[in-house]
Amino acid sequence: MPLPIAPLLLCLALGRPAPLASSRLGRPALQLGNPFDSLKNPFADKADGATALSLSLAFRVEARGPRSVLGQLEDLASAADTASAQGIAELCSDAALLLLRRKNEWISCCGSSRHYGDDEAGLASFDKMAIKEAAKFDERTPSSTVDAALKAAGVGSSKEGKSTVAVVCIVACLMGDREEEIGKSFAGDARAMRAALEELAAAGRADEEVFAFELFWVPGEDDDVLDMDEVNLEWPELMTC
């Protein structure tokens, strides 16, 4: 049976126009690909464009309750001001700091990032990554919507539940080129995960550097238990860190 989830889905994209259908023809590619595709302009401003990133972490939660990572995520949800750009940026930073502080509880991790010279291209990539991650969390019920999650946050966190594995996923779009700091792709690398979370925390404290942000976690109910077999099935990219 798929587990109910308690995701916090938060997205800020100010002034984003509706996507336009493209009639542009794809350019021909060499059989082995263009060797210059991955090269960047060394004179480009690091603040230009946007970086879309996705991070996933698995935790061992021995004692459910307000002090567990699940309980603290609920607390963040209840206190978040998701109606303002500043509130979403602060939540981005606070969520990253929370996960950093609990690094001793990490079981496995993975992440990826890609810089785009155009903000809209970065936001489009963010949308695709967010949909991909959301698809892993089956049967999204009314209790897992943003408003319901915020209202319910903290109510169940006072109860003690069974030990479980927890999976936390972050999808974000940040201003500028963050590929060097975060890394294009990693799995099982705790150092890379720390660098990525530190980048998120710093962006959330800066001025208008968080373009979009989504946060998911599972399980969401005290009676739900997630085991490593389920984690390996749904998140095969997670590697021990």
Side-chain angles (χ1 to χ4, degrees), residues 3-16 19 50-59 69-70 72-100 109-116 119-153 166-175 178 182 193 196-206 208-220 234-235 237-238:
L3 294 172
I5 61 169
L8 180 59
L9 310 180
L10 304 167
C11 178
L12 173 70
L14 300 178
R16 291 174 61 184
T51 300
L53 63 98
S54 176
L55 307 175
S56 296
L57 272 168
F59 288 81
V69 65
L70 296 174
Q72 291 188 334
L73 285 169
E74 289 180 349
D75 288 343
L76 284 182
S78 64
D81 174 15
T82 59
S84 70
Q86 181 179 354
I88 292 176
E90 289 177 355
L91 181 64
C92 173
S93 181
D94 291 343
L97 290 172
L98 165 61
L99 300 179
L100 279 169
C109 65
C110 66
S112 64
S113 72
R114 182 175 177 182
H115 172 253
Y116 296 85
D119 292 359
E120 289 303 315
L123 286 164
S125 177
F126 163 85
D127 289 337
K128 293 178 181 178
M129 295 167 78
I131 291 171
K132 179 181 178 181
E133 289 301 324
K136 298 176 184 178
F137 295 84
D138 292 333
E139 288 192 354
R140 294 191 46 203
T141 64
S143 63
S144 66
T145 63
V146 177
D147 293 339
L150 293 177
K151 291 178 182 178
V167 176
V168 182
C169 297
I170 286 176
V171 184
C173 185
L174 306 180
M175 182 184 75
R178 316 276 176 147
I182 297 174
M193 177 58 74
L197 291 173
E198 287 168 358
E199 200 68 20
L200 276 170
R205 296 301 181 191
E208 297 182 353
E209 290 193 5
V210 179
F211 293 162
F213 178 73
E214 293 201 20
L215 175 64
F216 308 82
W217 71 87
V218 65
E234 295 294 335
W235 294 273
E237 66 275 15
L238 281 169

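Bear in mind the structure is a predicted one, so any value in this text is a computation, not a measurement.
In terms of the side-chain hydrogen bond (donor to acceptor under 3.5 Å, both in side chains) criterion, residue partners of Asp94 (sequence neighbours excluded) are, by chain and number, Arg205. Applying the side chain to side chain contact (heavy atoms under 4.5 Å, CB included) test to Ala121 and every residue at least two apart in sequence or in another chain returns Tyr116, Asp118. In terms of the salt bridge (charged side-chain N to carboxylate O under 4.0 Å, His left out) criterion, Glu90 has no residue partners (sequence neighbours excluded). A search for side-chain hydrogen bond (donor to acceptor under 3.5 Å, both in side chains) contacts involving Glu237 returns Lys136, not counting sequence neighbours. Scanning for side chain to side chain contact (heavy atoms under 4.5 Å, CB included) contacts around Leu100 gives Leu97, Arg194, Leu197, Glu198, with sequence neighbours left out.
Here the closest non-hydrogen pair linking Ser56 and Glu133 is OG-OE1, 4.0 Å. Minimum interatomic distance between Ala50 and Asp119 (heavy atoms only, all atoms of both residues): N-OD1, 3.9 Å. Across all non-hydrogen atoms, the minimal contact from Val171 to Ala130 is CG1-N, 3.9 Å. In terms of heavy-atom proximity, Ala196 sits nearest to Ile182 at CB-CG2, 3.8 Å.
Going from atom CG of Leu70 over to atom CZ of Phe59 covers 9.0 Å, rounded to the nearest 0.5 Å. Between Leu73 atom CG and Leu215 atom CG the span is 6.0 Å, to the nearest 0.5 Å. Rounding to the nearest 0.5 Å gives a distance of 10.5 Å between CH2 of Trp235 and SG of Cys110. Atom CD of Glu209 is separated from atom CG of Leu174 by 8.0 Å, given to the nearest 0.5 angstrom. Of the inter-residue distances, the one linking Ile170 atom CD1 with Leu53 atom CG reads 8.5 Å to the nearest 0.5 angstrom. Once rounded to the nearest 0.5 Å, the distance linking NZ of Lys128 with CG of Leu123 reads 12.5 Å.
When atom types are taken as modelled, the side chain of Thr51 and the backbone of Arg178 share a donor-acceptor pair closer than 3.5 angstrom. A donor-acceptor pair is defined here as one N or O able to donate and one able to accept, closer than 3.5 Å; such a pair exists between the side chain of Ser78 and the backbone of Asp75.
Between Arg114 and Ser125, every side-chain heavy-atom pair lies at or beyond the 4.5 Å cut-off.
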query = Does the side chain to side chain contact (heavy atoms under 4.5 Å, CB included) test come out yes or no for Leu99 and Val69, once each step is laid out?
reply = CA-CA 8 Å; Leu99 300 179; Val69 65; 4.3 Å; yes
request  = Would you check, one step at a time, whether the test side chain to side chain contact (heavy atoms under 4.5 Å, CB included) holds for Cys173 with Met129?
outcome  = CA-CA 10 Å; Cys173 185; Met129 295 167 78; over 6 Å; no
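Every pair tested for salt bridge (charged side-chain N to carboxylate O under 4.0 Å, His left out) that includes a residue from residues 77-86 fails, sequence neighbours excluded, so the list is empty.
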